[in-house]
A.B. asks: 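Input: one structure, supplied below.
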2 protein chains.
Amino acid sequence: MNKQPKYRQVADVLRREIANGDFPPGARLPSESELQQRFDASRNTVRNGLSLLVSEGLISSSQGLGYEVKSHEVFELNASKFENLNFPQNGDAYNTNVTSAGRRPHQTFRVEMLPASEEIADRLKVTAGTKAVLRFCHRYVDDVPWSTQATYYPSWLVDGSPRLAEPGDIEEGTTRYLAARGIEQVGYFDEIAARMPTPEEARLLEIGAGVPVLLWTRTGYSAERPIRCTITTFRGDLNRMNYEIGDLTARSENEPQ
Amino acid sequence: MNKQPKYRQVADVLRREIANGDFPPGARLPSESELQQRFDASRNTVRNGLSLLVSEGLISSSQGLGYEVKSHEVFELNASKFENLNFPQNGDAYNTNVTSAGRRPHQTFRVEMLPASEEIADRLKVTAGTKAVLRFCHRYVDDVPWSTQATYYPSWLVDGSPRLAEPGDIEEGTTRYLAARGIEQVGYFDEIAARMPTPEEARLLEIGAGVPVLLWTRTGYSAERPIRCTITTFRGDLNRMNYEIGDLTARSENEPQ
DNA sequence: CTGCTCAGCTTGTTGGTACAAGCTGATGCA
DNA sequence: TGCATCAGCTTGTACCAACAAGCTGAGCAG
């Protein structure tokens, strides 16, 4: 007989009931005091069980309101379609993506110059501490924080393309602007990782407990060397990244059905 | 004056000290009772703070031992190089990948036939509930659980390629076996998501609290239709997925330096 | 009818206690 | 020497109590 601790039993029962649909997304769970009676446990024990489910990302709590079952409609991000010359700019892709989903995009933007961290310098193949230009974007969908995007450009590149270091949008898109100045991006290397958010990330993305962030690092290359590095953070529960590789005519043919 | 709750202060101070390097990866934190004295807080409060750091994936605890700062060496997974005819089988890629990193691969394997879930049926473009063959792999590196991989084949495909439904490896690789029977995989569609593990996943991957899983769903297509769907789960803290897109000669040229 | 206050619900924070259970090293016996 | 035991550390589980703070609806004052 493998006796589980009581707080785990509480979590297990509630988890199964949520999976069953007894508590559909958006529904409120019974209050802590009700659960105390139901499971004949102290408040702390019930809270321990509930906090397990919170950290699994299944439910969330708010003071005064109670515990609510989270819903998760995911947003699809087609990463293999971004940033070619015909469909040039990240910002554009974001705007069209969001707008075509019938939602409202909104972003804040800033530019700064700072020494490259080891991580960035490594990817840009420059010496750590070298100055780099950071173009930073904080994106919202329907006023809900969606992603942060930090793009770093090495200083040698900025010397010949000074508008990168100026605040404000580059209307034609950075990729096109660079191409016009002889810097053509011909390939990129993507890295995708997941982890729990830092407090800073949790604040920017308004992430509650139990929600990981997706980290997407894209390093763009010209034929000669790396020209930029973009680090994007997403809420893991609301986003999914897609890559199309090879011939997918079979997929797109059947899609409209 | 924005007074943070005491347990958050505890977490913030320790988090900064960990980031500072006061407690390097592998080091043990002071015990709960020491922290009680240092922060003049009750044991519950200290534990609350520590559990925050645990759920951020920064530290882990074990009964009798204490709290330890986690290290995270990541394993790189080049997803855009898998599964073409020259380098055919997932299993092969895993074995060579792991062996070339100087580590020891080990896997368990099983085959079963079961009705397709909605998720699988949708991707394989068959009716939900149709029979599908599941080939399931549980992979270890140096006896540490690394990933679970479930590949589903639609029954119409299995009819013409019966070895898929038989237990035991297909030596030449499933991709090559299928190609020999006229089913050529010409493209695939990848979806990558992150979330907190289910208890089942946490058990299989021996994941502690605060570690998300990376979910990699790859649907393979012939020129006509989807032929398989592979769902792989990884420990998010130990793995990173890579995609190479376009021309990356600049990257590989400089790599050996 | 409008708008405010407040009782009464909810969860959040902090303190306390007690015992269970896992680990380690010292002690002491054979 | 070698092995078993156990004291004394660690975290894990479970209980209790009290007050803070956020939310909602009832009910009262204007």
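In what follows, every heavy atom counts, from backbone to side chain, and hydrogens, waters and symmetry copies are set aside. Just so we're on the same page: letters track the sequence lines, and every chain starts at 1. Bear in mind the structure is a predicted one, so any value in this text is a computation, not a measurement.
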A.B. asks: Spell out protein contact along nucleotides 18-24 of chain D as letters: B when the base is contacted, S when just the sugar-phosphate is, - when no protein heavy atom is under 4.0 Å; keep the 5' to 3' order.
C.D. replies: B-BBBSS

A.B. asks: Where along residues 9-19 of chain B does a heavy atom fall under 4.0 Å from DNA chain C?
C.D. replies: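 Correct list: empty, so none.
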
A.B. asks: For DNA chain D, find the residues of residues 49-62 of chain A with a heavy-atom distance under 4.0 Å and give them by number; none if there aren't any.
C.D. replies: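 Those residues whose heavy atoms fall under 4.0 Å from DNA chain D, taken from residues 49-62 of chain A, amount to none.
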
A.B. asks: Taking the six-membered ring for Trp, are A/Tyr243 and B/Tyr243 parallel (under 30°), tilted (30 to 60°) or perpendicular (over 60°)?
C.D. replies: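 Because their plane-to-plane angle is under 30°, the rings of A/Tyr243 and B/Tyr243 count as parallel.
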
A.B. asks: For B/Ser147, enumerate each residue passing the side chain to side chain donor-acceptor pair (under 3.5 Å) test, keeping only those at least two apart in sequence or located in another chain.
C.D. replies: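 With neighbours one apart ignored, the set is empty.
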
A.B. asks: To the nearest 10°, let me know how far the axis at one end of the helix from C/dC1-D/dG30 to C/dA30-D/dT1 is tilted from the axis at the other, five pairs an end.
C.D. replies: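 Its terminal axes enclose an angle near 10°.
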
A.B. asks: Take atom CG of B/Asn44 and atom C1' of D/dA14, then tell me their distance rounded to the nearest Å.
C.D. replies: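 Going from CG in B/Asn44 over to C1' in D/dA14 covers 11 Å.
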
A.B. asks: Would you say that more than 12 heavy atoms from the other residues, nucleotides or ligands in this model lie under 6.0 Å from the CG of A/Asn20, or not?
C.D. replies: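 Yes, because the 6.0 Å sphere around CG of A/Asn20 holds more than 12 heavy atoms from other groups.
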
A.B. asks: Of all residues at least two apart in sequence or in a different chain, which pass the side chain to side chain donor-acceptor pair (under 3.5 Å) check with A/Ser33?
C.D. replies: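 Counting only residues at least two positions away or on another chain, A/Ser33 forms a side chain to side chain donor-acceptor pair (under 3.5 Å) with A/Ser31.
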
A.B. asks: According to ring pair (Phe, Tyr, Trp, His ring centres under 6.0 Å), who are the partners of A/Tyr7, at least two apart in sequence or on a separate chain?
C.D. replies: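 Applying ring pair (Phe, Tyr, Trp, His ring centres under 6.0 Å) to A/Tyr7 gives none.
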
A.B. asks: Just jot down the side chain to side chain donor-acceptor pair (under 3.5 Å) partners of B/Glu112, sequence neighbours excluded, or say none.
C.D. replies: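 Residues passing side chain to side chain donor-acceptor pair (under 3.5 Å) with B/Glu112: B/Arg110.
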
A.B. asks: Going by the rule side chain to side chain donor-acceptor pair (under 3.5 Å), which residues pair with A/Glu17 if we only count those two or more places apart in sequence or in a different chain?
C.D. replies: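 A/Glu17 satisfies side chain to side chain donor-acceptor pair (under 3.5 Å) with A/Arg38 once adjacent residues are dropped.
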
A.B. asks: Side chains of A/Thr233 and A/Glu201: do they bring a donor and an acceptor to under 3.5 Å?
C.D. replies: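 No - no donor-acceptor pair under 3.5 Å links their side chains.
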
A.B. asks: Whole-Å distance between D/dT10 P and B/Arg28 CZ?
C.D. replies: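 Going from B/Arg28 (CZ) to D/dT10 (P), I get 8 Å.
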
A.B. asks: Taking only residues at least two apart or on different chains, which pairs with a member in residues 18-67 of chain B satisfy ring-ring contact (aromatic ring centres under 6.0 Å, His included)?
C.D. replies: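 Sorted pair list comes back empty.
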
A.B. asks: Apply salt bridge (charged side-chain N to carboxylate O under 4.0 Å, His left out) to B/Arg203 and list each qualifying residue two or more places apart in sequence or on a separate chain.
C.D. replies: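 With neighbours one apart ignored, the set is B/Glu200.
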
A.B. asks: Could you list all the salt bridge (charged side-chain N to carboxylate O under 4.0 Å, His left out) pairs where at least one residue sits in residues 48-76 of chain A, not counting sequence neighbours?
C.D. replies: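 Qualifying pairs, neighbours excluded: A/Arg15-A/Glu56, A/Glu76-A/Arg240.
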
